[in-house]
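The structure presented is a predicted model; accordingly, all values stated were derived computationally and were not measured.
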Amino acid sequence: MVKAISSNLGYPRLGEKREWKRALEKFWNGAISEEELLAETKALRLHALKKQQDKGIDLIPVGDFSFYDQVLDTSVTFGIIPKRFQHDGGKVSLNTYFDIARGKSDAVASEMTKWFNTNYHYIVPELAEADPKVLDNRALYYYEEAKNELGIEGKPVLVGPVTYLKLGKGSDAESFEILLDKFIPAYIEILKELETAGATWVQIDEPYLATSFDKKEIALFEKVYKAFHDAVPNLKIELQTYFESLDYYEEVVNLPVAAVGIDFVHDHGDSIKALKAHGFPQNKYLAAGVIDGRNVWRSDLDAKLALLTDIAHYVAEDKLIVQPSNSLLHVPVTKLSEPDLDEVILGGLSFADQKLDEIAILTKALTEGEESVAAELNEAREAVKALNESSHRNNLEVQAAIANLENVRVDRELPFAERIKLQHEWLKLPLFPTTTIGSFPQSPEVRKTRADWLKGNITDAEYNAFIEKETARWIKIQEDLDIDVLVHGEFERTDMVEYFGQKLAGFQATKFGWVQSYGSRAVRPPLIYGDVAFTEEITVKESVYAQSLTKRPVKGMLTAPVTIINWSFVRDDVPESVVANQVGLALRKEVEALERNGIKVIQVDEPALREGLPLKQARWQKYLDDAVYSFKLTTASVQNDTQIHTHMCYSDFDDIIDTISALDADVISIETSRSHGEIISTFEEVTYDKEIGLGVYDIHSPRVPTVSEIQDNIRRALRAIDAKQFWINPDCGLKTRKEPETIAALQDMIKATKEVRAEYQVLEK
């Protein structure tokens with residue numbers, strides 16, 4: 001027997017039916033007061049804590065709740081507020097908090113980017129002139145709330161200082177340690193207040209430790225955690241890492257903390273090797289992340305129990321903690337909300353609540369013996385077996401096609417320099433052609449009509465007529481705005497990945513499988529549970545209808561394989577590259593169907609390519625090679641005069657610019673405005689030989705950009721990119737925006753474009 005402790009690292013904020021999202025948006029829209037928002041979110045928070053308590057989790061996280069994201073929470077805790085928001089000291093108001101995230105009329109929002117290699121976003125700290133002071137000890141508030149309301153002795157969660165500062169901008173390498181020295185006393189103030197209040201455990205997240213970095217930076221962690229230990233020696237600090245293995249395992253496990261959290265799921269097997277090679281300090285707890293916190297498939301509990309038993313050989317008898325690999329923020333709340341799913345698929349699923357059950361089962365099996373949970377282990381065993389042996393995962397036709405890939409062409413017939421001439425001949429576009437990224441606002445009417453159709457309140461014919469009416473209205477709006485290359489607006493789609501999941505074999509949509517992407521934005525990743533196959537035309541009808549309404553080109557709109565993979569919950573019984581190629585073969589048929597039906601501009605979006613880049617640089621090349629292959633598998637069969645577009649967003653691209661070029665898309669659009677133009681520096685250093693659109697305004701903020709702001713973005717880009725290569729577009733789809741602000745912003749974009757176009761035409765003469 002092993003004396004083990006169960007733990008969780010974080011719980012989903014959204015609520016089982018997105019109650020958190022709706023509360024936030026009601027507050028933003030003025031439908032509820034701040035007091036009502038606080039009351040609604042408190043009820044959700046306590047409900048989540050009570051569930052964890054009832055499941056018998058020993059170490060329950062508190063302070064993992066957020067009104068937007070945990071990095072922004074850290075910024076406002078320490079008063080790291082950009083000057084443009086005119087904060088005058090003291091606790092940051094909720095309105096200012098949201099202004100930083102969403103922008104306001106006279107201040108642009110702070111940059112937003114991906115949280116490591118996930119589809120979750122955080123607000124980037126602006127660290128220039130940072131002078132940290134504890135304005136609001138959130139961790140203490142939530143600790144006392146859980147204790148007073150539910151009798152839970154919670155485990156407060158903090159973003160660690162090194163990770164926080166590494167995620168920020170505005171400080172250079174030379175000044176990093178000076179800045180860190182400023183933050184250490186502020187963190188200590190929080191920790192001392194927690195200790196005084198009676199806290200026993202504190203979880204400090206340092207996922208930066210699971211990335212690749214210079215070994216000399218370990219000294220930063222040694223400085224931080226020695227200072228913490230000296231200041232609060234009786235507080236048990238769990239130093240939590242996740243998303244990968246540790247390059248410097250020995251140094252990390254010997255830091256002066258009570259527990260070290262290690263990911264044994266996303267580590268490629270390296271963590272157990274390091275444990276066996278170097279052992280583990282007998283005076284510390286090992287918090288073993290063995291349940292996958294980023295995917296939704298039921299665990300093979302026999303395998304997990306064997307792994308934990310192996311781990312236990314290297315840990316002191318009473319110092320093993322069983323937990324998820326990372327916060328459960330990245331998975332839906334409960335599969336109990338999905339009673340209509342296929343029985344085999346449902347049996348193979350494990351959402352956040354079920355993962356906590358798995359942790360409790362494993363902990364009990366270790367502590368009391370396997371016989372104490374024999375029924376639960378057998379149920380899991382049979383469910384996993386049923387899914388793996390089902391016809392869903394054994395489509396012989398798909399598997400034969402994958403085996404024959406060496407005979408499939410994955411290169412365009414002509415090189416870009418030759419085929420772009422053919423495309424220009426028929427497109428006849430002006431200098432700086434304008435377009436949008438794909439989606440237009442999903443108004444309340446659009447959402448209500450779709451809901452009525454799904455409920456059977458209106459007929460298929462009525463729903464299709466509505467979609468056609470909305471498409472026609474927006475085609476006219478685009479023509480009136482004088483946009484050059486149009487889109488149909490995607491009013492039939494709930495989500496750019498989920499929609500394809502509803503049309504391809506091997507995918508399953510859920511009703512309430514929501515996860516947070518950014519702010520109140522929730523996405524519902526489809527389940528890729530089996531072999532993927534093309535079964536019917538997906539986008540052709542809507543694209544052809546839109547094209548029939550205008551003489552201007554209308555783009556077909558698809559989502560590319562790697563983004564579908566990264567924004568889905570992917571089966572875990574085969575390599576992801578195999579699934580990506582299955583998706584590529586299926587989408588290839590859709591691309592060919594669009595072209596066959598007269599759609600000659602086709603956008604195949606890969607916005608998630610960069611976010612999926614492995615945290616370890618040694619793993620990059622295979623991932624990037626696989627991504628390029630599946631993209632070209634999707635697009636390479638088109639005629640030379642068919643123009644392939646793609647889109648990417650919210651990432652640093654300088655380290656993958658060669659891969660972007662290797663995709664061989666004729667036109668790529670990339671976000672630049674939310675990162676305040678920083679991506680442009682990449683093109684100042686690298687010659688990019690294809691056409692490109694740098695998003696000239698931020699669609700994730702409700703504010704309407706001015707013409708001069710857009711012109712500044714255009715002119716800056718043109719210092720690095722040849723005018724004949726340059727397209728102009730927003731930085732992402734417009735689905736989440738309201739119609740008036742969308743039209744106003746596009747009007748400004750077109751006006752700015754025409755004025756800059758006129759300037760260049762004068763220069764050319």
Side-chain angles (χ1 to χ4, degrees), residues 63-64 70-82 89-92 122-143 155-197 199-211 213-241 246 248 251-261 284:
D64 53 329
Q70 69 271 21
V71 180
L72 177 58
D73 294 341
T74 307
S75 294
V76 300
T77 292
F78 295 120
I80 310 304
I81 313 300
K91 182 177 177 179
V92 178
Y122 70 91
I123 300 298
V124 178
E126 298 180 31
L127 300 172
E129 302 178 21
D131 184 20
K133 293 180 176 59
V134 179
L135 303 185
D136 178 24
N137 192 339
R138 296 178 66 262
L140 177 63
Y141 174 85
Y142 291 123
Y143 169 77
K155 177 183 60 168
V157 179
L158 303 172
V159 177
V162 179
T163 293
Y164 172 76
L165 294 177
K166 288 291 183 181
L167 295 176
K169 57 188 292 186
S171 66
D172 53 34
E174 290 74 21
S175 62
F176 185 89
E177 191 164 358
I178 296 172
L179 187 58
L180 181 63
D181 287 341
K182 292 182 179 180
F183 273 83
I184 290 173
Y187 270 87
I188 288 174
E189 182 179 338
I190 286 176
L191 295 174
K192 283 186 173 180
E193 290 181 1
L194 287 168
E195 183 182 50
T196 300
T200 303
W201 283 93
V202 174
Q203 174 185 320
I204 303 183
D205 289 355
E206 292 280 14
Y208 182 73
L209 280 167
T211 65
F213 57 89
D214 194 300
K215 189 174 183 178
K216 66 184 180 182
E217 289 190 313
I218 286 291
L220 300 173
F221 293 95
E222 291 171 343
K223 171 185 281 194
V224 167
Y225 289 93
K226 182 181 185 303
F228 290 176
H229 179 266
D230 291 346
V232 284
N234 297 318
L235 196 61
K236 293 180 180 178
I237 292 177
E238 177 184 347
L239 175 61
Q240 187 59 51
T241 72
L246 302 172
Y248 310 113
E251 289 79 4
V252 173
V253 300
N254 283 296
L255 289 170
V257 294
V260 179
K284 288 185 172 65

Do the side chains of [Y] and [X] get nearer than 4.5 Å, heavy atoms only?
{"X": "Val76", "Y": "Asp136", "result": "no"}
{"X": "Pro161", "Y": "Tyr225", "result": "yes"}
{"X": "Tyr164", "Y": "Val71", "result": "yes"}
{"X": "Ile80", "Y": "Glu126", "result": "no"}

Given 3.5 Å as the limit, does a donor-acceptor pair link the side chain of [X] with the main chain of [Y], or not?
{"X": "Ser171", "Y": "Phe176", "result": "no"}
{"X": "Lys133", "Y": "Gly89", "result": "no"}
{"X": "Glu206", "Y": "Thr241", "result": "no"}
{"X": "Thr74", "Y": "Gln70", "result": "yes"}
{"X": "Tyr143", "Y": "Ala199", "result": "yes"}
{"X": "Thr77", "Y": "Asn137", "result": "no"}

In Å and rounded to the nearest 0.5 Å, what is the NZ to CG distance from Lys284 to Leu239?
->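 If I round to the nearest 0.5 Å, the distance is 10.0 Å.
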Between atom CD of Gln203 and atom CG of Leu158, what is the distance when rounded to the nearest 0.5 Å?
->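 Answer rounded to 0.5 Å: 9.0 Å.
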Partners of Tyr248 by side-chain contact (heavy atoms from CB on, under 4.5 Å), sequence neighbours excluded?
->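 Phe213, Lys215, Ile218, Glu251.
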If the plane angle is over 60° it's perpendicular, under 30° parallel, otherwise tilted; pick one for Phe78 and Tyr187.
->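 Because their plane-to-plane angle lies in the 30° to 60° range, the rings of Phe78 and Tyr187 count as tilted.
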